[in-house]
Protein chains: 2
Amino acid sequence: MPRNVPLSRDVIVGAALEMAERDGLDRLTMRGLAAQLGVTPMAIYYHVPDKEALVDLVVDEVHQRQVPLELTDEGWEVCLRRRLLAQWEQLVRYPGLGSHLSNQPEMGASRQSIEAGVAFFEAAGFSSRSARLAWSFAITYLHGRLNVDARLRGRGGSGKVAGIRAKDYVAFGVDAVIAGIKATVAEAEAGVDLVAEA
Amino acid sequence: MPRNVPLSRDVIVGAALEMAERDGLDRLTMRGLAAQLGVTPMAIYYHVPDKEALVDLVVDEVHQRQVPLELTDEGWEVCLRRRLLAQWEQLVRYPGLGSHLSNQPEMGASRQSIEAGVAFFEAAGFSSRSARLAWSFAITYLHGRLNVDARLRGRGGSGKVAGIRAKDYVAFGVDAVIAGIKATVAEAEAGVDLVAEA
DNA sequence: ACCTGAACACCGTTCAAGT
DNA sequence: ACCTGAACACCGTTCAAGT
């Protein structure tokens, strides 16, 4: 029996997003998603090639909802801190998603996100190479932290470890990331500003 | 038919470790492991409760082989750098293992590892709270980086992104982690050294 | 004590068929 | 064009039975 409203890619991704937020990305299953949509598992395959593609779509969707990263006259440190904290607050709601937000250029929407980050640092006066290293560093830390949060959530912890709240860990981490970039890049660019070899 | 040499926990973990190193931790399967051991899948269950426990045993085993972290008179920066780089080189051989090395205290052998890290920073003069934040930060970054490496490996990349080698990203990251800890902790402990609330 | 064999409840996915 | 149904090749795991 045909449904009242035909299935679509957007409806599928929307439902997948809901499931990912409720149960975590690792418990998102084609069969479960189909059941939630009131449809046969194979109906999904008409709109989406396979599960990997579906996960990529979900990841892209979340990426799209991100607060844009722009450099204001507050300085890159303030802008970066605001952005990283906002990004953490958004992504921590989707457990397991952190590990899928790699910094690999080949990955759809995340490519734009990476270029935006690199451009941000270049606008702040970093060399092209330093900008890439700095942005990768910041994002890598964030993903690492999201993984830890996902695991803490998975095993039913209260979110506190050794009397320190997850938020405190992140606050310290983001501050340290910024200070680390500042010091390390300053040192690297104090020497002759070598262009990265091809 | 009984085997010439009876199965044991150690033999199982050893074989699992081999599989994890060859194919990645996510492709480690009870059935595949049993096949490699020339045994029925259920034989493993006599020695190990379930897959989660097996993975924990593998993770613990790798942890045990880690270079110990000790503070020498070279200073904590030098010691930490050496240790983090060594740890990365060791763990990058086991793709997917990074995300299982969480900083959750409840986790077997990793608990000792965490305490060792905290003790390291305390010995270097950090407050208890700062030591915990600093160690967590360093480890979190490393795990994030291992995740990225695992993904790069998974999709068959050359290991280079935008002309920058994985090793360069890690080298920058470790330097930035150290500089970040230095600056952030100095700032935090400049004020009245508040004891963390219970 | 140590292991096998059959079975259960799940996966993702292919392939042919229905409307 | 859009979806169903049956089937295949996998999982982790339980449970009863063999030696």
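Protein chains get the first letters and strands the later ones, always in sequence-line order, with residue 1 at the start of each.
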**OP:** Decide side chain to side chain contact (heavy atoms under 4.5 Å, CB included) for A/I12 and A/L57; before the verdict, give the C-alpha distance in whole Å, the side-chain angles of both, and the deciding distance to 0.1 Å.
**Re:** CA-CA 10 Å; A/I12 293 171; A/L57 286 172; over 6 Å; no

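Along DNA chain D, the nucleotide nearest to B/L28 and the one nearest to A/H47 differ in position, and the one closer to the 5' end is contacted by A/H47.
Spacing between atom CG of A/D26 and atom C1' of C/dC10 amounts to 15 Å, rounded to whole angstrom units. The distance between atom CE of B/M30 and atom C1' of D/dT13, rounded to the nearest whole Å, is 9 Å. When rounded to the nearest whole Å, the span between CD of B/E52 and C1' of D/dT13 equals 14 Å. Between the P atom of D/dT13 and the CG atom of B/D50 lies a distance of 5 Å, rounded to the nearest Å. The interatomic distance linking A/R27 (CZ) with C/dG12 (P) rounds to 14 Å, in whole Å. Rounding to whole angstrom units, NZ of residue B/K51 and P of D/dT14 are separated by 15 Å. Note: CG (B/L37) to P (C/dC2) measures 16 Å, nearest angstrom. D/dT4 atom C1' lies 13 Å from atom CD1 of A/I44, rounded to whole Å.
Salt bridge B/R82/B/E70: absent, no basic N to carboxylate O contact under 4.0 Å. A salt bridge is defined here as a Lys NZ or Arg NE, NH1 or NH2 lying under 4.0 Å from an Asp or Glu carboxylate O, and A/E77 with A/R81 fails to meet this definition.
Nearest nucleotide to the side chain of B/P41, out of D/dT4, D/dT13, D/dG12: D/dT13. Between C/dC3, C/dA6, D/dC3, one nucleotide has an atom nearer to the side chain of B/P6 than all others, and that is C/dC3. Considering only the side chain of A/R31, C/dC11 comes nearest among C/dC11, D/dA6, D/dC3. Nearest to the side-chain atoms of B/T40 among the listed nucleotides D/dG12, D/dT4, C/dG5 stands C/dG5. Taking the side chain of A/T29 as heavy atoms from C-beta on, and the options C/dG12, C/dC15, D/dC3, the nearest nucleotide is C/dG12. In this structure, the nucleotide among D/dC11, C/dG12, D/dT13 sitting nearest to the side chain of B/Y45 is D/dT13. For A/A43, counting side-chain heavy atoms from C-beta on, the closest listed nucleotide (C/dC3, D/dC3, C/dT13) is D/dC3.
Not one side-chain nitrogen or oxygen of B/Y46 sits closer than 4.0 Å to the OP1 or OP2 atom of C/dC3.
Side-chain atoms of B/R83 come within 3.5 Å of backbone N or O of B/V67 as a donor-acceptor pair. For the pair A/K182 (side chain) and B/A179 (backbone), a donor-acceptor distance under 3.5 Å is absent.
The partner of D/dA1 is C/dT19, judged by Watson-Crick or G-U wobble contacts that both fall below 3.5 Å. Pairing for C/dT14 goes to D/dA6, judged as Watson-Crick or G-U wobble with the two contacts each under 3.5 Å.
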